[in-house]
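Structure first, then comments.
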2 protein chains.
Amino acid sequence: MDRRQRKTREAIFSAFIDLLSKKDFGQITVGEIITHADVGRATFYSHFETKDYLLKELCEELFCHIFDATNNEQSEHRHLFDCDAPNSVFLHLFQHLQKNDNNILELLSCQNNELFLLYFKINLQRLVVSQLPLFEARKSEILPDSFWVNHIASTFIETVRWWIDNGMKESSETITEYFCLAV
Amino acid sequence: MDRRQRKTREAIFSAFIDLLSKKDFGQITVGEIITHADVGRATFYSHFETKDYLLKELCEELFCHIFDATNNEQSEHRHLFDCDAPNSVFLHLFQHLQKNDNNILELLSCQNNELFLLYFKINLQRLVVSQLPLFEARKSEILPDSFWVNHIASTFIETVRWWIDNGMKESSETITEYFCLAV
DNA sequence: TCTGTACTGAACTCTTTGTTCATTATTATG
DNA sequence: CATAATAATGAACAAAGAGTTCAGTACAGA
């Protein structure tokens, strides 16, 4: 990829994330993005079809990052999905979020970001599905798989959102405990 | 309230709900609404400040309806929040939703309706809070109240969304069972 | 150095939003 | 029933944003 392309792309992403931390996705205009990124209007549209695609691609970059990390860690251990285990993959995810790489927290807490949450959920569900047998057997027997997977992923997301809304005062260990108890 | 006002208001609501069942909130324009409702542009704006306020007021009407009903039923019984009780208030809510009064299901399942889900959650949380002591003691002791309330309300919403997405094949009793087991 | 390609910026069309206002129709009320 | 108040109309308007076009410029990579 041309260095120019990489630079423009990064400038746009950076400006976009910056704006997302200040206002809702729906209120951000292409005009604002290109002003902040200091690129021409035509340049923006040569990189991204619409504002939605920009969000989509940003999501993909971020999730690729965060979920690849957990996948790599996962291969080193067993039973990472056992909530009670101190090395639970969920603990790793919470820890990763706490570091707030790439301002992912802003994206999770702001309004009008359904698309982002959807991507988050899809990635989470993939993770959950791959390890479903390790979850509590009693519930797994009665609840349909898709319900169960959706519930676990949703609870994770809601836990993170609660954590953020309450100022992230709890340690990642405590949050993992809450999550495991709730689910 | 003037009969003319009531009529236009209803025409706009009706057209809006109709459009919501066909496309996302964000993609609906004021122009479409007034065409469907067959009212003048100026009339729309004399009733609703913006499209968002229209959604807000629609939400309030719908929730006032659905939650008032459960509140009235509630006063006739005790321990309605006991998930295992056959007359659980949640069962009543699921039954009410199954009837799909006012096309509330479309609103719950469509994209870009965060505002609607927010209202739903706020109303649910109020309901949950008022009966919190009736929930499982073990979890209530460890989890902070706000986390616990948020979790129950979120799980309810996610259960409904899963139900809708899967064609609502399950009976309201079965869904109540799933919900109670999950939470 | 040279070729291809990315960026520029300005102008342009189109869509949508939200406002204004004089005119018309309908209502509630005395 | 008559009337004063008020709601609806529709057409025109300004402003803002989306997305496109294109000739000209700058830069990367070979």
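A, B, ... follow the sequence lines: proteins, then strands. Residue 1 opens every chain.
For Ala42(A), whose side chain is taken as the heavy atoms from C-beta onward, the closest listed nucleotide among dT17(C), dG10(D), dT21(D) is dT21(D). Minimum atom distance to the side chain of Arg4(A) is reached by dA26(D), of the listed dT21(D), dA26(D), dG19(D). Among the nucleotides dC7(C), dG19(D), dG9(C), the one closest to any side-chain atom of Thr50(A) is dG19(D). Residue Asp2(A) has its side chain nearest to dA6(C) when only dT21(D), dA6(C), dT9(D) are considered. Residue Thr29(A) places its side chain closer to dG17(D) than to any other of dT8(C), dA7(D), dG17(D).
Spacing between atom CD1 of Ile34(A) and atom P of dT20(D) amounts to 14 Å, rounded to whole angstrom units. Summarising the geometry, the separation between OH on Tyr53(B) and P on dG18(C) is reported as 12 Å, rounded to the nearest angstrom. The interatomic distance linking Ile28(B) (CD1) with dT17(C) (C1') rounds to 16 Å, in whole Å. The CZ atom of Phe48(B) sits 15 Å away from the P atom of dT19(C) (whole-angstrom rounding). Summarising the geometry, the separation between NZ on Lys7(B) and P on dT26(C) is reported as 10 Å, rounded to the nearest angstrom. Note: CG (Leu54(B)) to P (dG18(C)) measures 12 Å, nearest angstrom. Between Asp38(A) atom CG and dA26(D) atom P there is a gap of 15 Å when expressed in whole angstrom units. One atom, CD of Gln5(A), and another, P of dG29(D), lie 10 Å apart when rounded to the nearest Å.
In this structure, Arg6(A) does not pair ionically with Glu10(A), as no charged nitrogen and carboxylate oxygen lie closer than 4.0 Å. Ionic pairing of Lys22(A) and Asp18(A) is present here: one or more N-O contacts between side-chain nitrogen and carboxylate oxygen are shorter than 4.0 angstrom.
Residues Val30(B) and Arg6(B) each lie close to DNA chain C; by heavy-atom proximity, the contact nearer the 5' end of the strand is made by Val30(B).
Between Tyr178(B) and Trp163(B), the ring center distance fails the sub-6.0 Å criterion. For Phe63(A) and Phe116(A), the ring centers are positioned less than 6.0 Å apart.
Tyr45(A) has a side-chain polar atom (N or O) that falls below the 4.0 Å cut-off from OP1 or OP2 of dG19(D). A sub-4.0 Å separation between OP1 or OP2 of dA8(D) and a side-chain N or O of Thr8(B) is present. The side chain of Arg3(B) contributes an N or O atom lying less than 4.0 Å from OP1 or OP2 of dT27(C). One finds a side-chain N or O of His47(A) lying less than 4.0 angstrom from the OP1 or OP2 phosphate oxygen of dC7(C).
In this model, a side-chain donor or acceptor of Arg41(B) finds a partner on the base of dG18(C) within 3.5 Å.
Base engagement by Thr43(B) is indicated by at least one non-hydrogen atom pair under 4.0 Å involving a base atom.
Atom-to-atom distance recorded for Phe48(B):CZ and Thr8(B):OG1 is 8.5 Å, nearest 0.5 angstrom.
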